[in-house]
Novice: 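The structure that follows is given in the form of structure tokens.
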Amino acid sequence: WKKELWDNFSIGVPWFDREANDAVLFGFLTAWLLGEYAAQCEEPPHILAHFHEWLAGLGLALCRQRQLPVATIFTTHATLLGRYLCAGSVDFYNNLADFNVDKEAGDRQIYHRYCLERTAARCAHVFTTVSQITAVEAEHLLKRKPDIITPNGLNVKKFSAMHEFQNLHAQSKNRIQEFIRGHFYGHLDFNLDKCLFLFIAGRYEFSNKGADIFLEALARLNYLLRVNHSDVTVVAFFIMPARTNNFNVETLKGQAVRKQLWDTAQTVKERFGKKLYESLLVGQLPDVSKMLDKDDFTMMKRAIFATQRQCQPPICTHNMLEDSNDPILTCIRRIGLFNSSADRVKVIFHPEFLSSTSPLLPMDYEEFVRGCHLGVFPSYYEPWGYTPGLRVITGVSTHLPGGLRVCRFSLLPYQFVKNISECVCLSSRPSHGVLSVSYPLNPTNLSFQAQGFRYPRPASVPPSPSLSRHSSPRHSEAEEDDDRYDEDAEAEKDRLNIRQPLTLPITATCLNSSSTSCHTVAVTATCLNSSSTSCHTVAVTATQPAAVLPWARKPISDI
């Protein structure tokens, strides 16, 4: 079959690509089946075969090459080369017409896969895609303009119980809170009633799915909440499957400790209730000081001692096979979100799809989504945006859906974290926070204000790609001119609204004249208060400076 593929289509599939090998097997078997069925029909048949994605596309090409009486449709939900280009920090949408597709596919060692996809697109009687942005992409990368756009659908009736949204949200949120109690045992020093659950989910593509800019925003949000002494805690979930070998022992232990505490509380409650019942039976008010005996206190002390923890709550719930090279974990180490007690933003990385049979977080994905407050999808490459759409119909507000390409490109990191911060700062109705993306919020609605505050940049890499300007080579037909993003105007607003940090004029004098390398200097700081005549001089020993994160520094007003 591979020889036939080479002889007829000049496509060679390397032996080590198991996925492409499976595509060859499936394609030839599909063409074989369709050929046998057509041959056994007594009358000329009317057969329509609909092929999806490059993995199934070879069957379509074989039907045309063998001249089978089959009408063919090929639908691509996302181009293979487009996904690889976006994952490689390329300014994709501004350079669609300029890519050397053969070279780019060859450089990424997917040329044979790209050829299978392009062959299916060119051979199909009808070629379709699922969105306008993917149609433009396919026209440039697959060299054929789609005949029609067929947007994916959602079964809205499945989630149409509008009156049940709040009840289902409360039930699922309680189950998430139980997981949080176990995961943060020993460090549960925050109020779960003032805790917001954010999440991002999907295929593990660090830049394409927006995990990079989401982490950037979380780092800045953590700093904002800390400096404003907010009592709100944000728990951000990353639901993206990665290579693991098992659950994290510390994570499983946390759930076991939580269950043990629950069992202890239930036992003490039953014994307390029995003594209360007996006291009431004899017509006496209970003596509360005698309701709990020594054994009860011993049992509770043992339970409390079991919750002692010497380490921080884990970031990842599983043991990663490539922990040191994992993009999410590497970025978390860089920005310093380690689930410490001082952090107002906690991060939980669940590198596996959710399941109700999981011993760790026994919830289906839809249940988990209902229990969260906000889904964040700042995708760079999102051909249609199924995940954000599903979040909307399940009653969970969706912030910056990836299907709206302009959201990723038009918002600078400062603006992105500002929108998320506003969502967090609102009351228990997070759907209002989503409206803040398009409609300005009344400042009185916010629980804290940071007038003139300069948002510091966390010590993390810039989100990729950092030079994109527009969402696609052309604007949407439905887009109004007045609503288009003007980057120069927005930058001017930022310059007017954000004050620069104060700087102190400092003069340094060497105190070690006998050495060519100065280690000690006298620093004179000029007082900014004109009413004061006293200047302060300090001697500072110059050593290797410790790495101080920007958000750990005190404001100048506190010095």
Side-chain angles (χ1 to χ4, degrees), residues 9-14 17 19-20 23 52-55 57-58 60-61 74-124 127-149 203-213 327 378-385 402-410 461-477 485 487:
F9 299 96
S10 299
I11 299 177
V13 177
D17 191 343
E19 194 171 18
H52 294 261
E53 301 289 38
W54 71 274
L55 288 166
L58 180 56
L60 184 153
F74 181 67
T75 297
T76 179
H77 300 258
T79 68
L80 184 68
L81 182 57
R83 191 180 300 277
Y84 273 81
L85 286 171
C86 288
S89 302
V90 174
D91 189 5
F92 181 66
Y93 293 100
N94 290 328
N95 297 285
L96 269 174
D98 302 328
F99 288 118
N100 184 341
V101 292
D102 293 322
K103 179 181 183 301
E104 296 291 348
D107 291 343
R108 288 158 178 80
Q109 300 183 3
I110 58 168
Y111 185 69
H112 55 289
R113 297 186 179 191
Y114 167 75
C115 289
L116 291 174
E117 182 180 37
R118 182 170 170 176
T119 300
R122 299 295 296 273
C123 291
F127 175 45
T128 74
T129 57
V130 297
S131 66
Q132 178 62 36
I133 189 66
T134 313
V136 176
E137 177 185 342
E139 182 178 359
H140 288 92
L141 301 187
L142 300 181
K143 306 305 180 183
R144 178 175 178 179
K145 184 177 181 179
D147 301 293
I148 190 174
I149 295 176
R203 184 184 289 107
Y204 194 0
E205 297 178 10
F206 185 63
S207 298
N208 284 357
K209 294 301 182 183
D212 54 350
I213 196 172
S379 306
Y380 178 69
Y381 183 77
E382 189 70 72
W384 181 67
L404 303 178
R405 185 83 47 215
V406 68
C407 290
R408 173 65 184 258
F409 294 123
S410 65
V461 295
S464 60
S466 58
L467 300 178
S468 297
R469 291 296 180 263
H470 301 291
S471 59
S472 65
R474 66 183 68 176
H475 290 282
S476 173
E477 296 177 357
Y485 175 75
E487 184 174 354

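Model, not experiment: these values are computed from the prediction. Just the heavy atoms: all of them, side chains too, but no hydrogens, waters or symmetry mates, feed the values below.
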Novice: Calculate, to the nearest 0.5 Å, the distance between atoms OH and NE2 belonging to Y93 and H140 respectively.
Specialist: 13.0 Å

Novice: Between E53 (side chain) and H77 (backbone), is there a donor-acceptor pair under 3.5 Å?
Specialist: yes

Novice: What distance separates L116 CG from L80 CG, expressed to the nearest 0.5 Å?
Specialist: 9.5 Å

Novice: Atom CD1 in I133, atom CG in L96: separation rounded to 0.5 Å?
Specialist: 7.0 Å

Novice: Please report the closest heavy-atom contact between A138 and T79, naming both atoms and the distance.
Specialist: CA-CG2, 4.2 Å

Novice: So which of T75, T128, T76 actually passes side chain to side chain contact (heavy atoms under 4.5 Å, CB included) with H52?
Specialist: T75

Novice: Supply the atom-to-atom distance F92 CZ to F99 CZ, rounded to the nearest 0.5 angstrom.
Specialist: 6.0 Å

Novice: Nearest 0.5 angstrom please: K145 NZ to F127 CZ, how far?
Specialist: 12.5 Å

Novice: What heavy-atom pair brings E117 and W54 nearest, and what distance separates the two atoms?
Specialist: CB-CB, 3.5 Å

Novice: If you look at every heavy atom in A121 and L142, which pair is closest and at what distance?
Specialist: CB-CD1, 4.1 Å

Novice: Below 4.0 angstrom, N of the basic side chain to O of the carboxylate: do R108 and E104 qualify?
Specialist: yes

Novice: Walk me through whether S207 and Y380 qualify under side chain to side chain contact (heavy atoms under 4.5 Å, CB included).
Specialist: CA-CA 7 Å; S207 298; Y380 178 69; 5.7 Å; no

Novice: Check whether any side-chain N or O of R144 sits under 3.5 Å from a backbone N or O of A124 as a donor-acceptor pair, and report yes or no.
Specialist: yes

Novice: Are Y84 and Y381 near enough that their ring centres are under 6.0 Å apart?
Specialist: no

Novice: To the nearest 0.5 Å, tell me how far D102 CG sits from C115 SG.
Specialist: 7.0 Å

Novice: Looking only at non-hydrogen atoms, find the nearest pair between T129 and P146 and report the distance.
Specialist: CG2-CG, 3.7 Å

Novice: Search all heavy atoms of S131 against all heavy atoms of I149 and return the closest pair with its distance.
Specialist: N-CG2, 3.7 Å

Novice: Work out which heavy atom in H112 is nearest to a heavy atom in A20; give both atom names and the distance.
Specialist: CD2-CB, 3.8 Å

